[in-house]
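Numbered from 1 within each chain, the chains take letters A, B, ... in sequence-line order. These values consider heavy atoms only, across backbone and side chains, with no hydrogens, waters or symmetry-generated copies.
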There are 2 protein chains.
Amino acid sequence: MIENITGRCMAVRTLSAARAITRRYDSALRPLGITITQFTLLAAVARIEPDSITELADKLWMERTSLTRGAKLLEADGLIERRVEEGVRKRGLRISDKGIKLLREAYPLWQSAQQDVEEQLGKQVSEANHFLDLLRSAPF
Amino acid sequence: MIENITGRCMAVRTLSAARAITRRYDSALRPLGITITQFTLLAAVARIEPDSITELADKLWMERTSLTRGAKLLEADGLIERRVEEGVRKRGLRISDKGIKLLREAYPLWQSAQQDVEEQLGKQVSEANHFLDLLRSAPF
DNA sequence: ACTATTAGTGTGTATATGCACGATTATAAC
DNA sequence: GTTATAATCGTGCATATACACACTAATAGT
């Protein structure tokens, strides 16, 4: 029974792949004091302008409460604004001017990391895309 | 510039895929009070019987300090033993009887999750394997 | 209008992860 | 033997993630 579980387990493989990639992006963005998770969240807020946390969580395939805390970090840095109104549950999110400025500065750094990773993967990318889409939509 | 960064970013895609898969495995193992990360670490210790944390971290493509803390959790539950000797730096890891027992109980649960995921992916799996191997060996 | 259900949110607690540091052991150079 | 270098380890701090729970707003049913 002590077979090679680690080598076959899809959780191990996807996790370690994700960690490696995340490190590459985080490293690129470090000069700006932002992580890839935060950067992409910021970009998503700018693009989607969600009316609620839940809406954004659904669109980003993220756990709602994880997103709540991520958004709080961005808010603490003044990069986004959370609408908090008396007697209203929904929390609309909007990017701030400071957030837009950071997004502009971070974009080329993200792009270079993105290019690196895509080049590493070469023509596997299209297959990888298919693979990742499958995972994303899987009813786990 | 507010293009669809989230949809293209490989970090986002691999992370969300890994999260989805991890949730599936964690859910299967929850009755035993262990996570997929801990289960695979336990299995790796049983199989490799590493003479040092660093050795294991290298083989599992994990960050050393993350592994240190993971091993501490397993040790706290009495599932593994960490060799701590006066004047010796290396920390050999060995699975305990309790650990072996848990491994046996957890195995079929892991297997069912593994099967689920592989079925979901269907014949993409071979491509996925290639993809994941590429990522693993990438010099990020 | 009243009540039951659903939707939306945040917090407590715990694990997972990574980096920067500092500390000690082991090894190599001389 | 002494000193320099490398190997090995742990901790502090911060972010990321998930689940269980509790709370309140909104909506539907009557």
Side chain proximity check, Trp110(B) to Ile36(B), heavy atoms < 4.5 angstrom
yes
Going by the rule salt bridge (charged side-chain N to carboxylate O under 4.0 Å, His left out), which residues pair with Lys72(A) if we only count those two or more places apart in sequence or in a different chain?
none
Can you check the Leu60(B) CG to dA16(C) P distance for me, whole Å?
14 Å
Could you check how far CZ of Arg24(A) sits from C1' of dC19(C), rounded to whole Å?
17 Å
Taking NZ from Lys72(A) and P from dG10(C), how many angstroms apart are they, rounded to a whole number?
7 Å
Separation of Glu63(A) atom CD from dG10(C) atom C1', in whole Å?
12 Å
Rounded to whole angstroms, how far apart are CZ on Arg91(B) and P on dA7(D)?
18 Å
How is Arg19(A) classified with respect to the nucleic acid when contacts are heavy atoms under 4.0 Å: base, sugar-phosphate, or nothing?
sugar-phosphate
Any donor-acceptor pair under 3.5 Å from Ser96(B) side chain to Leu79(B) backbone
yes
Closest to side chain of Met62(B), choosing from dT15(D), dC9(D), dT17(C)
dT17(C)
Does OP1 or OP2 of dG10(C) have a side-chain N or O of Thr68(A) closer than 4.0 Å?
yes
Main chain of Arg8(A), side chain of Gln114(B): is a donor-acceptor contact present, judged purely on distance under 3.5 Å?
yes
With distance as the sole test, does Arg94(B) use its side chain to make a donor-acceptor pair with the main-chain N or O of Glu49(B) at under 3.5 Å?
yes
Below 4.0 Å: OP1/OP2 of dT17(D) and any side-chain N or O of Thr22(B)
no
Hey, does the side-chain of Arg82(A) have a donor or acceptor N/O within less than 3.5 Å of a partner on the base of dG8(C)?
no
Leu67(B) CG to dC9(D) C1', in whole Å, measures 12 Å
Between Arg23(A) and dC19(C), does any side-chain N or O lie under 4.0 Å from OP1 or OP2?
no
Of Thr65(B) and Ser52(A), the one whose closest DNA chain C nucleotide lies more 5':
Ser52(A)
In terms of side-chain heavy atoms of Leu15(A), which of dT17(D), dT17(C), dC21(D) is nearest?
dT17(C)
Does anything in residues 25-37 of chain B come within less than 4.0 Å of DNA chain C? Heavy atoms only, and list the residues if so.
Thr35(B), Thr37(B)
Would you say Glu63(A)'s side chain and Arg19(B)'s backbone share a donor-acceptor pair under 3.5 angstrom?
no
Nearest-Å distance for atom pair CD1/C1', residues Ile53(B) and dT25(C)
16 Å
Gln38(A) side-chain proximity, nearest of dA16(D), dT9(C), dT13(C):
dA16(D)
From NZ of Lys90(A) over to P of dT27(D), roughly how many Å is that when rounded to an integer?
8 Å
Is there a side-chain contact between Leu41(A) and Leu60(A) (heavy atoms, below 4.5 Å)?
yes
